[in-house]
Amino acid sequence: MGVPGLSSTINGTNLGRKDEKVQIVIVDGNGFLHHVLKVDVDCRFGGAYVDIEKAIIARTATLHLNGISPIFVFDGPLPTWKWNHRVLRETQKIARLYSFVETLLLHSQTQIGSRTQKFQNFTDLNFQNGFVSEASGFLSPMALNCCVHSLLQLNVPVLLADGEADTAIAQLARKLDASVM
């Protein structure tokens, strides 16, 4: 089951609706947010919340322009059976962040010159050597709140699952005979 034009709409190559029929699509809100942060927003230097909001508004407007009426479903509280897995993932993130900061400190200690030169080298380190990608798995602290708030401002339906959203998304898609993104 697919939505005609969905792929090109997501990629930004579909320039408008082909027909007047509105298609309901259930969207994994957390997946959507991570996609927006990875593709549309430069979060290397912290929470770019205005940029996150603009990207969410633009992507949602593109969906509407192409006859897609999204319903966003976000993960609810973490189920207790998944706590150990979350602790492991968060520990891995901390280790990656520690390694990232250690690399930056080592790089800054080996530089000779003024603060301006060191800052330029830090910028070069980020862009050329890919060190930022080591820490890119970190979600800005308020990114999820920013996403939900932006969607609510657009009067887009936003649902919070009782636990992980996967089951709620599948059930809602079946109930509404809708596609999933």
Side-chain angles (χ1 to χ4, degrees), residues 1-3 6-7 9-11 22-64 66 68-103 130-181:
M1 160 168 69
V3 178
L6 179 60
S7 178
T9 296
I10 292 169
N11 296 328
V22 174
Q23 177 102 29
I24 295 175
V25 175
I26 313 303
V27 180
D28 179 333
N30 296 81
F32 174 80
L33 174 59
H34 282 275
H35 177 77
V36 166
L37 293 176
K38 186 175 183 178
V39 174
D40 297 331
V41 181
D42 181 0
C43 291
R44 289 175 300 179
F45 303 110
Y49 300 114
V50 172
D51 294 336
I52 292 170
E53 179 183 31
K54 287 179 184 176
I56 288 166
I57 289 170
R59 290 236 174 221
T60 306
T62 301
L63 291 172
H64 282 290
N66 287 282
I68 297 170
S69 180
I71 298 174
F72 288 83
V73 182
F74 289 88
D75 292 334
L78 187 68
T80 54
W81 61 267
K82 202 167 182 182
W83 286 357
N84 289 337
H85 180 69
R86 174 64 63 86
V87 168
L88 176 65
R89 283 180 40 203
E90 297 303 322
T91 303
Q92 290 169 342
K93 286 181 186 178
I94 291 168
R96 282 197 330 264
L97 182 59
Y98 180 80
S99 173
F100 175 72
V101 170
E102 212 173 37
T103 302
F131 289 120
V132 167
S133 64
E134 291 179 29
S136 65
F138 298 98
L139 192 63
S140 298
M142 298 298 291
L144 182 61
N145 292 21
C146 179
C147 180
V148 170
H149 178 76
S150 300
L151 293 169
L152 291 174
Q153 292 281 92
L154 296 169
N155 293 317
V156 173
V158 174
L159 304 173
L160 183 65
D162 289 334
E164 290 193 324
D166 297 346
T167 303
I169 289 169
Q171 289 173 344
L172 187 58
R174 265 185 252 132
K175 180 180 177 181
L176 299 176
D177 193 28
S179 298
V180 174
M181 181 170 87

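Here CD of Gln23 is found 4.5 Å from OG of Ser179. Values are rounded to the nearest 0.5 Å. With rounding to the nearest 0.5 Å, the separation of CD in Glu53 from CG in Leu154 is 8.5 Å. In this structure, CG in Leu78 is found 9.0 Å from NE2 in His85, a value given to the nearest 0.5 Å. Between atom OG1 of residue Thr80 and atom NZ of residue Lys82 there is a gap of 12.5 Å, rounded to the nearest 0.5 Å. The OG atom of Ser99 lies 13.5 Å from the CD1 atom of Ile94; values are rounded to the nearest 0.5 Å. The distance from the SG atom of Cys147 to the NE2 atom of His34 is 10.0 Å, given to the nearest 0.5 Å.
Residues Asp162 and Thr167 fail the side-chain proximity criterion, which asks for heavy atoms closer than 4.5 Å. Within the 4.5 Å cutoff, no side-chain heavy atoms of Phe32 are placed close to those of Val73. Put simply, the side chain of Leu159 does not reach to within 4.5 Å of the side chain of Phe74, judged on heavy atoms. At a threshold of 4.5 Å between non-hydrogen side-chain atoms, the residues Val50 and Lys54 count as touching. By the 4.5 Å heavy-atom criterion applied to side chains, Ile68 and Val22 are not counted as neighbours. Taking the side chain as every heavy atom from C-beta outward, Leu63 and Met181 approach each other to under 4.5 Å. Proximity of Arg86 to Leu88: side-chain heavy atoms (C-beta onward) are nowhere separated by under 4.5 Å. The shortest side-chain heavy-atom distance between Pro70 and Val156 falls under the 4.5 Å cut-off.
Remark: Asp166 CG is packed, more than 12 non-hydrogen atoms of other residues, nucleotides or ligands lying under 6.0 Å away.
The backbone N or O of Ile56 lies less than 3.5 Å from a partner atom in the side chain of Thr60, making a donor-acceptor pair. Between the Tyr49 side chain and the Cys146 main chain, no donor and acceptor come within less than 3.5 Å of each other. A donor-acceptor contact shorter than 3.5 Å is absent between the side chain of Asp51 and the backbone of Val41. Judged by distance alone, the side chain of Asn30 and the main-chain N or O of Asp75 form a donor-acceptor pair under 3.5 Å.
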- Message: For Val180 and Asp28: C-alpha separation, side-chain torsions, deciding distance, then whether side-chain contact (heavy atoms from CB on, under 4.5 Å) applies.
- Response: CA-CA 8 Å; Val180 174; Asp28 179 333; over 6 Å; no

- Apply side-chain contact (heavy atoms from CB on, under 4.5 Å) to the pair Leu172 and Ile71, showing each step before the final yes or no. CA-CA 9 Å; Leu172 187 58; Ile71 298 174; 3.9 Å; yes

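For Leu160 against Gly76, the heavy-atom pair with the smallest separation is CD1-CA, 3.7 Å.
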